[in-house]
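These figures come from a predicted structure and were not determined experimentally.
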Amino acid sequence: MSPPPPPVGRTTESEPQINLMSYQNLVAFIFAISEINENLEILPNITLGFYTADPCFSEKQAVKGILNIISTEKYSTLIPNYSCGTLQKLVGFVDGRSSKVTLLLARMFGTYKIPQISYSSLDPILSDKVQFPSFYRTVPNDNVQYKAIVKLLRYFGWSWVGMLVSDDESGLKASQVLQAELSLHGYCVAFLEFLPYRGQTDDGFTARITKLLRTSKANVIVIYADQDYMFELQVTLFMIPSPEKIWIISSQWNLSDGVEFYFITFEPFNGSLSFTIHTKTSPTFEDFSQNINPVSYPNDFYIDRVWMDLYDCNYRNKSFYFELCMGNETIQSKEYRNIHKYMSQYSYSIYNAVYSLAHALHELTSEINKEQIKNEIQAWKVNKYLRKVHFINTAGEDIYFDENGDFNSQFDIFNWIVNPDQSIDTIKVGQYHQQSLQDLTINKKMITWNPAFQQVTATLYQ
């Protein structure tokens with residue numbers, strides 16, 4: 001009897017598991033470095049290299065990865081600041097994906113004054129330059145998002161809401177600020193529940209969350225949590241379906257993170273409104289991304305699996321599960337049809353982070369005698385120039401950090417539409433820009449609500 005084919009997006013036992021949008025983040029990282037190395041106006045006669053580490057959802061693994069980079073020692077005890085390997089000078093690192101890991105790394109390695117740029121963490125505490133003098137981010141401070149969420153709730157007149165937040169410092173802070181802000185306007189929080197980190201749920205979580213969703217009269221629920229904290233909620237909603245709700249989703253949970261098990265879908269979140277970090281795309285990204293294949297990058301550990309998932313064929317050999325690629329395949333999955341064309345919010349943030357480091361390093365090296373560059377380039381020295389970095393990126397946007405190391409304060413608002421085949425359309429229906437005269441703009445006609453809430457009406461509160 002022939003074995004069944006593996007589910008779409010999953011792997012066979014001998015193949016690495018890969019999230020395609022996370023892979024795009026890696027592509028954007030390499031793309032930025034490649035562009036810089038080919039640009040004679042940035043770091044002439046200096047070649048940028050890179051080292052990557054996968055935290056694998058583990059704080060321990062994340063710390064081990066950074067220790068590997070800091071010590072540059074591969075074969076014996078990891079000793080920070082001890083260089084014995086073949087790696088070149090470290091001038092900074094870009095991290096993201098988990099706000100919990102970002103905060104951990106900032107606390108542990110800030111003492112070395114190595115520039116750390118997060119492409120995803122919005123936690124306000126990281127703006128504290130006393131605690132984190134070497135931390136920067138190419139995303140806004142979460143205080144802006146708090147205001148945006150409250151503004152959106154007031155816009156629609158949703159005065160009775162539930163709240164689910166991550167069970168960590170970021171979630172606690174978000175719950176406190178949002179409750180206080182809503183209270184100022186006479187709005188109430190019907191319930192507050194903390195979502196556990198993946199694999200750390202207690203025995204009563206499923207029962208509590210199910211009871212809340214089934215018995216509460218609050219039809220609007222605010223979610224503040226990244227994928228690591230959304231995991232247990234998604235599993236619960238799969239096992240025990242609950243009444244439809246209108247979900248207001250913070251940017252911490254990025255749709256492009258996808259799902260880790262094929263049986264988990266986004267169906268419960270149909271009609272949601274989601275905040276997303278403002279994103280654009282470099283005009284040359286598409287060409288670079290489309291030219292990545294198993295031949296051009298033979299040492300890429302993930303490329304074969306990526307190719308199989310995108311094109312449903314094997315680039316090297318015909319197998320039981322996949323036909324041999326002919327070279328003229330097109331992406332069949334609606335979910336990934338634009339993966340080469342558009343950068344995700346995280347890919348764009350990574351791209352800006354790499355360029356920020358490069359511009360800072362360029363300013364540093366321009367003040368150093370060429371004969372002394374090798375000895376004078378030290379990571380801690382880059383901070384002086386990173387704080388003052390200011391340039392126009394290839395997408396035409398103004399890039400700089402404020403006095404707290406924070407980025408611009410703009411969010412896009414998307415409507416999630418889950419189709420019968422479980423594919424998802426994301427439609428931009430508004431934006432929030434703190435520095436604009438009219439900070440919140442919403443196009444109500446563009447919103448497709450969950451069928452259970454088709455009669456939602458909006459009232460604009462000034």
Side-chain angles (χ1 to χ4, degrees), residues 99 118-127 137-166 170-189 192 218 220-226 230 245-255 269 271-280 344-346 348-349 397 402 404 406-416 426-444 446-447 449 456 458-462:
S99 57
S118 174
Y119 65 82
S120 64
S121 182
L122 289 74
D123 194 328
I125 194 174
L126 290 164
S127 295
R137 50 181 156 205
T138 48
V139 291
N141 183 313
D142 233 348
N143 286 326
V144 178
Q145 185 169 214
Y146 300 153
K147 295 176 182 178
I149 291 173
V150 172
K151 191 83 173 186
L152 182 69
L153 295 174
R154 293 180 60 207
Y155 179 93
F156 286 105
W158 291 328
S159 58
W160 184 247
V161 301
M163 193 176 298
L164 303 177
V165 303
S166 55
S170 298
L172 177 61
K173 176 69 173 179
S175 67
Q176 293 172 337
V177 174
L178 288 172
Q179 287 185 97
E181 287 294 318
L182 289 171
S183 178
L184 288 175
H185 301 288
Y187 286 28
C188 298
V189 174
L192 169 64
V220 178
I221 299 178
V222 175
I223 294 179
Y224 179 98
D226 62 29
M230 285 300 301
K245 302 291 182 181
I246 296 176
W247 304 87
I248 308 301
I249 302 168
S250 75
S251 66
Q252 276 72 12
W253 188 30
N254 184 12
L255 183 61
F269 304 98
S272 300
L273 295 180
S274 170
F275 286 89
T276 303
I277 298 163
H278 175 67
T279 304
K280 293 190 77 172
S344 70
Q345 63 172 3
Y346 290 159
Y348 185 59
S349 294
E397 295 208 308
D402 66 16
N404 297 317
D406 296 332
F407 213 50
N408 72 70
S409 57
Q410 184 172 348
F411 289 89
D412 295 331
I413 302 172
F414 284 84
N415 182 207
W416 290 8
T426 55
I427 310 299
K428 184 177 177 179
V429 296
Q431 68 177 22
Y432 181 88
H433 199 315
Q434 189 179 31
Q435 297 174 348
S436 298
L437 184 61
Q438 184 178 358
D439 50 10
L440 178 69
T441 57
I442 297 290
N443 186 341
K444 300 188 293 293
M446 292 289 291
I447 300 175
W449 301 106
V456 171
T459 301
L460 179 60
Y461 285 74
Q462 301 294 337

(message) On a heavy-atom basis, which atom in Gly162 and which in Ala218 lie closest, and how many Å separate them?
(response) N-CB, 3.8 Å

(message) Is the shortest side-chain heavy-atom distance between Leu273 and Trp449 below 4.5 Å?
(response) yes

(request) Carefully, step by step, assess Val144 and Tyr432 under the rule side chain to side chain contact (heavy atoms under 4.5 Å, CB included). (result) CA-CA 9 Å; Val144 178; Tyr432 181 88; 3.8 Å; yes

(message) Test side chain to side chain contact (heavy atoms under 4.5 Å, CB included) on Val222 and Leu153; report intermediate values, then the result.
(response) CA-CA 9 Å; Val222 175; Leu153 295 174; 4.1 Å; yes

(request) Answer whether the closest heavy-atom distance between the side chains of Ile447 and Ile442 falls below 4.5 Å. (result) yes

(request) Scan Asn141, Asn143, Asp402, Asn404 and name whichever one has a side-chain hydrogen bond (donor to acceptor under 3.5 Å, both in side chains) with Ser127. (result) Asn141

(message) With rounding to the nearest 0.5 angstrom, report the CH2 to CD1 distance, Trp247 to Ile223.
(response) 5.0 Å

(message) If you compare all heavy atoms of Phe275 against all heavy atoms of Gln145, which two are closest, and at what distance to 0.1 Å?
(response) CB-OE1, 3.5 Å

(request) List the steps and the verdict of side-chain hydrogen bond (donor to acceptor under 3.5 Å, both in side chains) for Gln252 and Asp142. (result) CA-CA 10 Å; Gln252 276 72 12; Asp142 233 348; 2.9 Å; yes

(request) Can you measure from CD (Gln345) to OG1 (Thr138) and round to the nearest 0.5 angstrom? (result) 10.5 Å

(message) Using every non-hydrogen atom in the two residues, find where Lys151 and Leu440 come nearest and quote the distance to one decimal.
(response) CG-CD2, 3.6 Å

(message) So, taking the atom named OG in Ser251 and the one named CG in Asp226, what distance separates them when rounded to the nearest 0.5 Å?
(response) 10.0 Å

(message) To the nearest 0.5 Å, what is the distance between CD1 on Ile249 and CD1 on Ile413?
(response) 12.5 Å

(request) For the pair Lys147 (side chain) and Glu181 (backbone), establish whether a donor and an acceptor sit closer than 3.5 Å, ignoring hydrogens and angles. (result) no

(request) Quick one: closest heavy-atom pair of Ile277 and Ser349, and the distance? (result) CG2-OG, 4.5 Å

(request) State the CD-CD distance between Gln431 and Gln410, to the nearest 0.5 angstrom. (result) 5.0 Å

(request) Would you mind reporting whether Ile248 and Val161 have side-chain heavy atoms less than 4.5 Å apart? (result) no

(request) Specify whether Phe156 and Trp158 have parallel, tilted or perpendicular ring planes, treating 30° as the upper limit for parallel and 60° as the lower limit for perpendicular. (result) parallel

(request) Please examine the side chains of Ile149 and Phe411, heavy atoms only from C-beta on, and report whether any two atoms are closer than 4.5 Å. (result) no

(request) Check whether any side-chain heavy atom of Phe414 lies under 4.5 Å from a side-chain heavy atom of Val429, and answer yes or no. (result) no

(request) Could you pull out the closest heavy-atom pair between Met163 and Ile221, with the gap in Å? (result) N-CG2, 4.4 Å

(message) Give me the atom names and distance for the closest heavy-atom approach of Arg137 to Asp123.
(response) NH1-O, 2.8 Å

(message) Parallel, tilted or perpendicular: which one describes the rings of Phe269 and Trp416, with boundaries at 30° and 60°?
(response) perpendicular

(message) Does any part of the side chain of Trp253, heavy atoms only, come nearer than 4.5 Å to the side chain of Ser274, both counted from C-beta?
(response) no

(request) Answer whether the closest heavy-atom distance between the side chains of Tyr187 and Val150 falls below 4.5 Å. (result) no

(message) A side-chain contact here means heavy atoms from C-beta on lying under 4.5 Å apart; do Leu126 and Ser121 qualify?
(response) yes

(request) Ignoring hydrogens and angles, tell me if any N or O in the side chain of Asn415 forms a donor-acceptor pair with the backbone of Lys428 under 3.5 Å. (result) no

